[in-house]
Number of protein chains: 2
Amino acid sequence: MPTIKDVAERAGVSVATVSRALNGVPSVDPVLAKRVHAAARALGYRANGVARSLRRRQTDVWALIISDVANPFFTAIARGVEDVAQQAGYSVLLCNADEDAAKEARYLEVAERSLVSGVLLSPTITGSDIGRLQASGVPVVTVDRNLSEPVDSVLADSATGAFRATEHLLEQGWRRPACITGPRQAATAEDRMRGFLDALARHRIRRGRSLVRHTNYRADGGREATAELLDAADPPDALFVANSELALGALEELTARGLRLGRDIGMVAFDDAPWAAFIEAPLSVVAQPAYEIGVEAARLLLDRITAARKRPSDHPGAPAPPRTVLLGTRLIVRESSRRHR
Amino acid sequence: MPTIKDVAERAGVSVATVSRALNGVPSVDPVLAKRVHAAARALGYRANGVARSLRRRQTDVWALIISDVANPFFTAIARGVEDVAQQAGYSVLLCNADEDAAKEARYLEVAERSLVSGVLLSPTITGSDIGRLQASGVPVVTVDRNLSEPVDSVLADSATGAFRATEHLLEQGWRRPACITGPRQAATAEDRMRGFLDALARHRIRRGRSLVRHTNYRADGGREATAELLDAADPPDALFVANSELALGALEELTARGLRLGRDIGMVAFDDAPWAAFIEAPLSVVAQPAYEIGVEAARLLLDRITAARKRPSDHPGAPAPPRTVLLGTRLIVRESSRRHR
DNA sequence: TTGTACGCGTTATCAA
DNA sequence: TTGATAACGCGTACAA
């Protein structure tokens, strides 16, 4: 691989001039600039990004650490982030924490070591530690889930979405809805359970907590929780499910038992997965604006990065306080939640 | 951020000793090593990955460039790759080319600049240019799709899978199957069409090509192609669809027209998407071993990397010739392809 | 076994 | 406007 030195030799100028010409510094003699570009092209020169980063103490990449690549909700976020990033000249490094706090921590460390210029994170647990990153001045924005410590974040209004979904089930005449939600430490899992419980309380249904199951945010968890609920002494007649992966698991179990949605059991799930409209009884869902979440988060990050550049380590003003963008959800009623007899 | 120098000062040794101690060089006095580790921990030292990479001329990250993050087939591959990578101490940088050759080229360039130690790629088109990477000695393995130039690759046997799927439709009594496949330059799109055409030929069905539609590998493409086929003079009575995204689009169009799978029209699609079993008429599919593809590809890459390390730029032997791993597919028959009357 | 000193490829500073 | 040169932080010959 040719280096800047090779280009300099071939163009008959110093490395400094090459660097300036290639980086578009205006004060370079156009004639020399032309020679430099020609030489670079002839040699197939490509700047060594690593050396550049070392010197600039910053890279043009962001890390996007999501909790589960297999979940279409998160990949939609990724697209939103990516579109904004590309536009602004950044590349995004997508990391899959796989709902595993240890994996997440590893990626957080990689991000730190690699001098990424920003991190977008959907924290596996509310206690995820971004302290080191923050300390080294790397802007962090959380998506989908927030942390216990305050930090820029873009969230959907889970609690309200869950409340409305549950209320909708109740209004349809289902008497005993249960809730299958994610791990206790996941912010969204708590919020959605909260919305569910509030709706039950509002309708004077007692002992709501006994109708809640916490599990991992994956299909297998959804299946197990469904089985457990149905095998209980007083089984539910409807399900509020906290994401589309869990819904897939619930569907499996219901199908295995020959239970038909909308007749034998009602269901609403979070996330409008691409398949939701096509299953036997099309699935009613709480749709989150996933792509927009990605876009907004990327904008927040961009803001922080440019703000940091303006205030380079000395401090003519404290950094802006953390901002939270809360986006609304939309209840899409299809067949699974309607009561047929 | 503390540097190696800070650690050295605090431990009362030279930077060389710190480097050696932290990298586990055995010749370091255990006492000093202990002091070094203590100092590092106390300062919260973390090696600057960029500086390290510059010096070592290599990083411990791989780039995995996939054609579409929203497609569960590719995310399953990603998991396979990741599991092997983690095990071997590598991080994987997931890049989403989004079926866009230009985006893919950008990521290829990022990979080159960032000195990743290996690249896994599902090429958007057979003509994707990996020449520069290869020239700089970065091992490349393609997954799912191959390139026109020979290179390590892990593929599923698309043609055979397509052949069997089509034959299955014919055996079920569907008379006029059509094929919706991906872009002309995508390797899998061609292979699957080939398998389809071979099956038609075998059953003496003429003018097979008029029953093929090329489109992008996304839901919107699937929908359009379906509409076009159904509106044609002599519409098909069954569909062979080349991936699960296209299938989603086809499903949309069929639903909109009130056509029921298995009664009005037959269908088999590539890829056993998580939802395939749950739609109204459960979808018959050609399942590809996606996770295994990822695992095998990662192993191939690992092989190349270690081989390259043993033969560091001098050449006591030519590099091993490109290897191709071809994995089998499995036809899963559900309801959508069975002929009901 | 330890420390000194150099080089990795860039960018940024400074003097000319 | 240009060029020489000093960093950036780390790993490693080489000498001690």
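So that the names make sense, note that chain A is the first sequence line, chain B the second, and so on, each numbered from 1.
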Quick one: is D/dG3 close enough that its OP1 or OP2 comes under 4.0 Å of any side-chain N or O from A/Ser14?
yes
Would you call B/Arg46-A/Glu112 a salt bridge at under 4.0 Å N-O?
yes
Give the rounded distance in Å between these two atoms: CG of B/Leu22 and C1' of D/dG9.
13 Å
Toward the 5' end of DNA chain C, which comes first, A/Asn23 or B/Pro26, by nearest nucleotide?
B/Pro26
Can A/Asp68 and A/Arg218 be counted as an ion pair, charged N to O under 4.0 angstrom?
no
Ranking D/dT12, C/dT10, D/dT2 by distance to the side chain of A/Tyr45, first place goes to C/dT10
Return the value, rounded to whole Å, for the distance between atom CD of B/Gln58 and atom C1' of D/dT12.
17 Å
Taking the basic N atoms (NZ, or NE/NH1/NH2) and the acidic carboxylate oxygens, is any pair closer than 4.0 Å for B/Arg106 and B/Glu109?
no
Phosphate OP1/OP2 of C/dT10 contacted by A/Ser19 side-chain N/O (<4.0 Å)
no
Candidates D/dG9, D/dT1, D/dT5 - which lies nearest the side chain of A/Asp29:
D/dT1
Check the distance between D/dG11's C1' and B/Arg55's CZ and give it to me in whole angstrom.
5 Å
In plain terms, say whether A/Asp60 and B/Arg113 are close enough for a salt bridge, that is, a side-chain N and a carboxylate O under 4.0 Å apart.
yes
Rounded distance (Å) that lies between atom P of D/dC10 and atom CZ of A/Arg57:
11 Å
Need one value for B/Arg56: base, sugar-phosphate or nothing, where a base atom within 4.0 Å counts as base even if backbone is also close, heavy atoms only.
sugar-phosphate
In whole angstrom, what separates B/Lys5's NZ from D/dG9's C1'?
10 Å
In whole angstrom, what separates A/Ile4's CD1 from C/dG9's P?
11 Å
I want to check one thing: is the phosphate of C/dG3, taken as OP1 and OP2, less than 4.0 Å away from some side-chain N or O of B/Thr17?
yes
What's A/Val13 touching, base or sugar-phosphate or nothing? Going by heavy atoms closer than 4.0 Å.
sugar-phosphate
Quick one: label A/Val28 by what it contacts on the DNA or RNA (base, sugar-phosphate, nothing), any heavy atom closer than 4.0 Å.
sugar-phosphate
Whole Å only: how far is the CG atom of A/Leu32 from the C1' atom of D/dT1?
9 Å
Rounded distance (Å) that lies between atom P of C/dT10 and atom CG of B/Leu54
9 Å
Consider only side-chain N and O atoms of B/Thr124 and B/Glu104, and report whether a donor and an acceptor are under 3.5 Å apart.
yes
Does a side-chain N or O from B/Arg20 land closer than 4.0 Å to OP1 or OP2 of D/dT12, or not?
no
